[in-house]
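Note sheet for the following structure.
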Number of protein chains: 2
Amino acid sequence: MSLNLQEKILQAASELFYSQGIRATGVDAIVKAASTTKMSLYKYFSSKDDLVIAFLRKRDEDFRVWFVDQVNGKADTPKAKLLAIFDVIGEWMAVPEFRGCAFINAAAEFPLEGNPVHQVSAEFYDHFRNYIADLAEQYGSKSPKNLALQLSLLIEGAIVSEQMKRHSGSAEQAKQAALVLIEGSLSDMPDTSLLTDNSEEEQ
Amino acid sequence: MSLNLQEKILQAASELFYSQGIRATGVDAIVKAASTTKMSLYKYFSSKDDLVIAFLRKRDEDFRVWFVDQVNGKADTPKAKLLAIFDVIGEWMAVPEFRGCAFINAAAEFPLEGNPVHQVSAEFYDHFRNYIADLAEQYGSKSPKNLALQLSLLIEGAIVSEQMKRHSGSAEQAKQAALVLIEGSLSDMPDTSLLTDNSEEEQ
DNA sequence: ATTAAAGTATACCGATCGGTATAGTTACAA
DNA sequence: TTGTAACTATACCGATCGGTATACTTTAAT
């Protein structure tokens, strides 16, 4: 509830970074939004880059905690959870403040792989995919990591699709596709040997 | 081959916009890369925004022409073309200059839907999806637009995934998922009634 | 009451931003 | 040869960028 100054600055910065973009947000705007001064900002964060990293790290943690909570609140079984992911994504997309994925956006604004901002963003999806892979394994997928990657492609695609054009039904379509992939990934499915593949053959 | 000054400026700007980001690229850098002066730049483009729009419009046209050519060179039947899309994407991702999708990146840098840059970026995926939907219809999909949207989600997801972490096999996984979705979308498939669904029921 | 820390206020720094004004070149057509 | 259009060179504009210096005020513990 009551935020100390450092948290207040970070929160103001986070909202601006996410809603306007990182490069588009100047420190003066952050300072004004947090009702403080540059001197205080630079007391807690050594540079704007520092603040950007802090924003992404906190967002990583907060978002994943919130997300797992949401999924667990909607479903009990691994399969149901895998599907519920798309409902949570769909609801998240529907809020008017939605501006896409902060990490995808950050990686787009800082395109070089070596950039720290880019790297922290990449870590988020590592974590996220591991979460999906765990569910896929509990579910009994014959190749949980492959299924997790495929589902995460649908999720990321749905997010950027919705970011480009709102309310185009990306989450619902992604869920329908996910259902097909999930059921097709069960170990004891009949005659799916030609549909899925655990190797990386060339066409 | 021989570019006039306007084209030269646009090309220099395009390379910088794509490789470094739009906001990160100043007009001075563009002018230097094109070996010209600001005066000439502002003779052909009324503002930087103007140049950004020109960049995206040209990229839209060029990329789609190139892409359709590549696909047609790899496959003949509609189904094979739908799958070849993922091979082309995979090869495109492999080039070292790859920095993700210029339109996704632009939409991330200019997050507001009303922004002209955002809108032009959104148009690209409209065109792209229409192309896929045409193929899906020729293929005989029971719901070409749904299949097209699902495949485009896989494609966009693969692109941003590869942008975040290179060489993680996104294109191959996307292709495998696509194969399942494509075959499951055929009108006359046996016992797929529980796998695919043309309505939008809630879980 | 004294002190130290936290925070504010404000002015400033050099650099860069997008964009323009003015003058000087080059090249080519009439 | 004169004019004209394309292009260059350079200096400049106000605004904003990220970041700092200095001085002042509040708060709370000793």
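Protein chains get the first letters and strands the later ones, always in sequence-line order, with residue 1 at the start of each. These numbers come from the heavy atoms of this one structure, side chains and all, not from hydrogens, waters or symmetry mates. On a predicted model such as this, the values are computed, not experimentally measured, just so you know.
The interatomic distance linking A/K43 (NZ) with C/dG7 (P) rounds to 5 Å, in whole Å. Rounded to an integer number of Å, the gap from A/L41 CG to C/dA9 C1' is 15 Å. What separates CD1 of A/I30 from C1' of D/dG18 is a distance of 11 Å, to the nearest Å. When the P atom of C/dT8 is taken as reference, atom OH of A/Y44 falls 9 Å away, rounded to whole Å. Atom CZ in B/F45 sits about 16 Å away from atom C1' in C/dG18, given to the nearest Å. One atom, OH of A/Y42, and another, P of D/dC17, lie 11 Å apart when rounded to the nearest Å. Protein atom NZ of A/K32 is 13 Å distant from nucleotide atom P of C/dT10, rounded to whole Å. In this structure, B/D28 places its CG atom 14 Å from P of C/dT20, rounding to the nearest Å.
When distances run from any side-chain atom of B/M39 to the nucleotides D/dT10, C/dG18, C/dT10, the shortest one goes to D/dT10.
Applying the 6.0 Å contact sphere to CD of A/E61 captures no more than 12 heavy atoms from other residues, nucleotides or ligands. In B/Q70, the CD atom is crowded: over 12 heavy atoms of neighbouring residues, nucleotides or ligands sit closer than 6.0 Å.
Contact check, A/S40 against C/dT8: a side-chain N or O comes under 4.0 Å of OP1 or OP2. Not one side-chain nitrogen or oxygen of B/T37 sits closer than 4.0 Å to the OP1 or OP2 atom of D/dT10. For the OP1/OP2 pair of D/dG18 and a distance below 4.0 Å, the side-chain nitrogens and oxygens of A/S47 include no atom meeting the criterion.
For B/K48 against C/dG18, a side-chain-to-base donor-acceptor contact under 3.5 Å is absent.
Listed for the A/N105 side chain is no donor-acceptor partner under 3.5 Å among the backbone atoms of B/P111.
A salt bridge links B/R64 to B/D60: at least one charged side-chain nitrogen sits closer than 4.0 Å to a carboxylate oxygen.
For the pair B/K38 and B/Q6, both in contact range of DNA chain D, the more 5′-proximal nearest nucleotide belongs to B/Q6.
Side-chain contact annotation: A/S168 with B/R129, donor-acceptor N/O pair under 3.5 Å absent.
When heavy atoms are screened at a 4.0 angstrom cut-off, B/S46 is found touching no nucleic acid atom at all.
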